[in-house]
Amino acid sequence: MGNAFRNKDGKYIDYTQILRFTFDGKIYQGYKGDTLASALLANGVHLLGRSFKYHRPRGIVAAGADEPNALVTVQRDHARTTPNVKATQVELYEGLIAESQNRWPNLRFDVGALNTLISNFIPAGFYYKTFMWPRQAWGKFYEPFIRGVAGLGVAPTEADPDRYSQRFAHCDVLVVGAGRAGLAAAMEAAEKGLRVLICDEQNMFGGSLLSNADVQSTESLLQTMEKLHQYSKVTCLKRTIAFGYFPHNMIGLCERLTEHLPNPAKGDVRERLWQVRARHVILATGALERPLVFPGNDRPGVMLAGAARTYLNRYGVLPGKNIACVVGHDNGYLAALELQQAGATIAVIADVRTKPVGRYIEQARQAGLPIRSGMTVTGTGGYRRVRNISVAPIVNGNIDASDTIRCDTVLMTGGYTPSVHLFSQSRGKLEWKSEQNAYIPSQSTENLSSVGSAAGLAGNDRGVIGALPMTNKSTAFVDWQNDVTVKDIDLATREGFHSIEHIKRYTTSGMATDQGKTSNINTLGIVSNILQKPVPEIGLTTFRMPYTPVSFGIFAGFARGDLFDPVRTTPMHSWAIEQNAVFEDVSLWKRARYFPRNSESMNEAVARECLAVRASCGLFDASTLGKIEVVGPDAAEFLNRMYINAWSKLTVGKCRYGVLCREDGFVMDDGVVGRLATDRFHLTTTTGGAARVLAMMEDYLQTEWQDLQVWLTSTTEQWAVIAVQGPRARDIIAPLISGIDISAHAFPHMSIGEGTIHGITMRLMRVSFTGELGYEINVPADHGRAIWEAIYEAGQAHGITPYGTEAMHVLRAEKGYVIIGQETDGTATPDDVGLSWAIGKAKPDYVGKRALIRQAMQAPTRKQLVGLLTLDDQVVLEEGAQICATAANTPPMQLIGHVTSSYYSATLGRSIALAMVAGGRTCYGKTLYVLMPSAAIPVTLTAPVFYDEKGEQVNG
Amino acid sequence: MLLIKCPYCGERSELEFSYGGQAHIVRPLIPSDITDEALTEYLYHRDNIKGVQAERWRHLHGCGRFFNAVRDTTTDHFQATYKIGEAQPASGAKSDG
Ligand SMILES: [Zn+2]
């Protein structure tokens, strides 16, 4: 069969360029300018797929984005397999490979079609009703079964290798749709000298003009295009859909750049997301043709009349040779006339209206076409292709005896529905026009206008909506893609679903990937008829984006792989890599977790690192700590109001541990604040809290305390921070430092000073998160690695050992130092975690002070920070495990706390844990039970400090 | 995506801003003096208006300044943006949307 249905009059077909393609493994020929749908029709192929639920044979209904049936998979390779694309929108190229979907073992013989036979037993809501019980069977049986038989295409099996780009654009006027009205609007704006962007989903501009037979429309189209291209401020985007209308005239466009090419070059951008901000938007989105609802209207060969005109005039393809027309709109006569002109036989024109009058009807009469009015359709015949249609007159409101007429194609038309999707997405109000049987744009909230048939139809161009009179409702399809019939809607209304929102969800009408482009208005008409209520009283479902499906690729854009999230690394990162550090992610940072030597396990490495810190000295990269420079005459007062601590008496050259609460009294962050001058502080935050703390401080400074003269600067990335911790720390760094006397009496614990190290400017803080004598050396980030290496070198004689975050965690837990976000969870007060000593009690105010005096915040039964020691000292508890007062592991049990930190401590030769336990501080010595998967583990409650209780080491 | 007029920088894309919740909630001058009820009101109770509301924004990835805005939540239209400390401009009860 070689293009048996093709003539030489397709206006936009290049007959000199023959293209070969395969569909379901069979090779066909088409021409440049074809879509997959037009090329298949030219070859007499109407059967393109199986339906979603009943696996009924399905063909091509439409010629564009409204196609509900002809979904195929287009395959380039395993990674470039695109399922569920509409054959009507696939541009043909040499070597195109397409496959039908939802059929097994093949399209012509499909086992799932058994569902057709039992379709009477799969009514609306069937899945809800049948598969609800027993519940366990859902995941094991029902869902896999349903997914197996009811499905569309299959996703590609390999990662997408293509490039997707994103672009922002601004314009005075964005025109969506390049048909007659859109082009005219674009021309008008261009002539005014405005910046214009006009887009259309098709591969060429022209819209419905492309479907016309007359030569005039082609001529005027070419002229307009030529003029439009002369304006430098006009951008024309073809193959570009406007998929979403966002607030403030932001329109999302998806431009397809390589889908139509036989061999896209490697690295070419496949699709581009345009985020267009337009001063004014003109919606010229046209109107969609409405199908008629009658029994057997889903058989391959049943097609929209307007679509048939497009295939004939644009592509030179006759959908059939013996054509029956069922019409509710004059457009059906035009289709019949043009097809007869092209050599087809018109078997019948069954008009569902009683007394149709109009220009095309008169022409059809004069051409001798067999017109019958006041008709309905009682059914169609044929299996893989329609073979006949039965029509019957309506006499006194009853269906009379029917005639069966042979045909190979049935054209149907119920008229047109303005495409108001984008208008509705813009939150514009729609208004029902009963004389047009259509919702049309009314008040808009955005700066936009609708033009052409998107704004409404001419005069009383109402056509028909709803279902034709019928008795057999189970094969009269309203929604082809989701297999929803009149019977389903009938049933839903009888079961009490009267709101269109409920009917939509219960029947799934309009919920398929075509978003109800062909089905929504007919569903409304049917419900209106059943409930005997006017359409506006039924309600209208929301039009949601996207207008047609778009790929995930455009949203991801370049944000994939290494570019998915920024990676933050410290100045010493490269050194850690060279030392074979194992890293962990802490917010966006990569932090060295431990430094394994030879074949050490993590536990072995961490034990070695901990012991080294306690015995001699460790070297730790603390650069990720948030750092903020607080400057100004009121800096101390500002800190007084922010932190729970008192700062006024902190002298220059001293540091203090600070705790930040939120206004609700719960601990938010902590860190060290050092005073460099009366009006200058250097403060640190947790790694993850840096941005949050700065934002909170700015908030108070800008909105509540405008009286304060304080300036905040984030210095997190300006300083590399090297922690040198352990009894030998001073010995190691002293020879490198000048400008500060760091002897024990001159520079005691919690001192801060400025000097140089190895010739580089330095801020030195004597602080400890390990419980040992320790320093945190801040140097400009550029010098971080050099100074780190200098210290490492100087420490060799003392056994200096680099350690990672895991050892840091163990060391601080041995001391009972909390980590915000680990011990605290956003509901812990300073007192809960043993930090009430930090509160400046004499201060009249600080953030959180008022909330902390609420009764509930001081209840003795609140969870409090405690230590846990397992009776078996080698058992390491699970962090997050719940704690119970009794060993009886029989629910219901009262849970009185949870484990927050748990490690094996090499220093102590046993396991340790921190926990939050209700009223825990009054229960030291008591035995509690930690619920672990294996058993309830007995533990003894202790104070939350396991090493150097008196805190003497830090003063070394 | 909203187009927001920062009172300091002019119109910028929503991408540059962070939302800051209801505006004109004033921190008590001396919080210690207020009742539990007043504290609860201050900390937790927020309006959820279908219509015109005053709200806080911050031009986080721009000038970093906080400012206030009057927005109609049904249309997303901003009626005004203004600096911290300025009074909320008078507006219609509900915009035409
Ligand atoms: Zn700004």
Side-chain angles (χ1 to χ4, degrees), chain A residues 166 168 170 244-252 275-279 426-429 442-447 641 661-666 691-692 694-707 711-714 841 843-857, chain B residues 1-5 7-8 11-44 55-61 63-68 71-78 83-86 94-97:
Chain A
Q166 297 175 337
F168 288 91
H170 298 263
Y245 204 123
F246 302 86
H248 299 179
N249 268 6
M250 166 74 86
I251 317 296
Q275 288 167 275
V276 181
R277 183 84 66 182
R279 211 172 289 283
S426 81
R427 304 199 206 178
K429 282 207 167 55
S442 165
Q443 268 185 333
S444 52
T445 56
E446 295 285 0
N447 191 1
R641 297 188 195 179
C661 282
R662 300 188 309 232
E663 201 69 82
D664 61 9
F666 296 122
R692 198 160 48 233
L694 183 63
M696 171 174 163
M697 289 184 168
E698 279 288 347
D699 194 344
Y700 278 95
L701 209 49
Q702 290 185 33
T703 68
E704 296 292 350
W705 302 327
Q706 290 185 316
D707 55 316
W711 290 269
L712 306 174
T713 308
S714 166
K841 299 188 177 60
K843 290 199 296 181
D845 185 21
Y846 59 84
V847 174
K849 181 179 169 81
R850 174 60 184 87
L852 285 171
I853 58 172
R854 284 168 59 217
Q855 206 176 3
M857 302 292 260
Chain B
M1 195 190 308
L2 305 178
L3 185 66
I4 302 172
K5 187 179 174 188
Y8 303 92
E11 287 186 331
R12 301 295 177 90
S13 155
E14 184 184 345
L15 290 174
E16 297 181 13
F17 296 83
S18 60
Y19 184 68
Q22 188 176 336
H24 302 298
I25 294 171
V26 181
R27 190 172 188 271
L29 213 53
I30 305 167
S32 312
D33 292 350
I34 64 173
T35 62
D36 276 359
E37 287 71 25
L39 176 71
T40 306
E41 185 67 29
Y42 165 63
L43 278 184
Y44 300 115
E55 59 196 21
R56 287 152 34 95
W57 285 88
R58 185 180 179 206
H59 194 186
L60 180 63
H61 303 295
C63 64
R65 304 295 290 267
F66 283 84
F67 59 90
N68 290 331
R71 181 176 61 103
D72 186 330
T73 59
T74 62
T75 61
D76 270 338
H77 285 185
F78 285 101
K83 295 175 181 174
I84 296 293
E86 292 176 2
K94 198 167 180 298
S95 81
D96 57 358

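Convention: sequence-line order gives letters A, B, ...; per-chain numbering from 1.
To the nearest 0.5 Å, the span separating OG1 on Thr703(A) from CZ on Arg56(B) amounts to 5.0 Å. Atoms CZ and CD, from Arg58(B) and Gln702(A) in turn, are 6.0 Å apart once rounded to the nearest 0.5 Å. Atom CZ of Phe246(A) and atom CD of Glu14(B) lie 11.0 Å apart (nearest 0.5 Å).
Residues Pro31(B) and Lys849(A) are not in side-chain contact: their nearest non-hydrogen atoms beyond the backbone lie 4.5 Å or more apart. Using a 4.5 Å heavy-atom cutoff, the side chains of His77(B) and Glu446(A) are in contact. Counting only heavy atoms from C-beta outward, the side chains of Asp36(B) and Arg850(A) approach each other to under 4.5 Å.
Heavy atoms closer than 4.5 Å to chain B are found nowhere in Asn249(A), neither backbone nor side chain. Both the backbone and the side chain of Glu698(A) come within contact range of chain B, judged by heavy atoms closer than 4.5 Å. Neither the backbone nor the side chain of Phe67(B) comes within contact range of chain A; no heavy atoms are under 4.5 Å apart. At a 4.5 Å heavy-atom cutoff, the contact between Ile34(B) and chain A is made by backbone and side-chain atoms alike. With a threshold of 4.5 angstrom between heavy atoms, Leu43(B) approaches chain A through side-chain atoms but not through N, CA, C or O. For Tyr846(A), the part lying near chain B is the backbone, with the side chain staying farther off; criterion is any non-hydrogen pair under 4.5 Å. At a 4.5 Å heavy-atom cutoff, the contact between Leu39(B) and chain A is made by side-chain atoms alone.
Taking Arg854(A) as the reference, nothing meets the salt bridge (charged side-chain N to carboxylate O under 4.0 Å, His left out) condition, with sequence neighbours excluded. Shown here are the salt bridge (charged side-chain N to carboxylate O under 4.0 Å, His left out) partners of Asp76(B), two or more places apart in sequence or in another chain: Arg427(A), Arg71(B).
For residues 25-35 of chain B, the salt bridge (Lys or Arg N to Asp or Glu O under 4.0 Å) pairs, not counting sequence neighbours, are Glu663(A)-Arg27(B), Asp845(A)-Arg27(B).
The stretch residues 16-26 of chain B places Ile25(B), Val26(B) near chain A, each with some heavy atom under 4.5 Å from a heavy atom of that chain.
When every heavy atom of Ser32(B) is checked against every heavy atom of Pro844(A), the shortest pair comes out as OG-O, 3.4 Å. Of all the heavy atoms in Asp664(A) and Tyr44(B), the pair that sits closest is CB-OH, 3.6 Å.
Heavy atoms from other residues, nucleotides or ligands lying under 6.0 Å from NZ of Lys843(A) number more than 12.
The candidate from Arg277(A), Gln855(A), Met250(A) with the greatest count of non-hydrogen atom pairs under 4.5 Å with chain B is Arg277(A).
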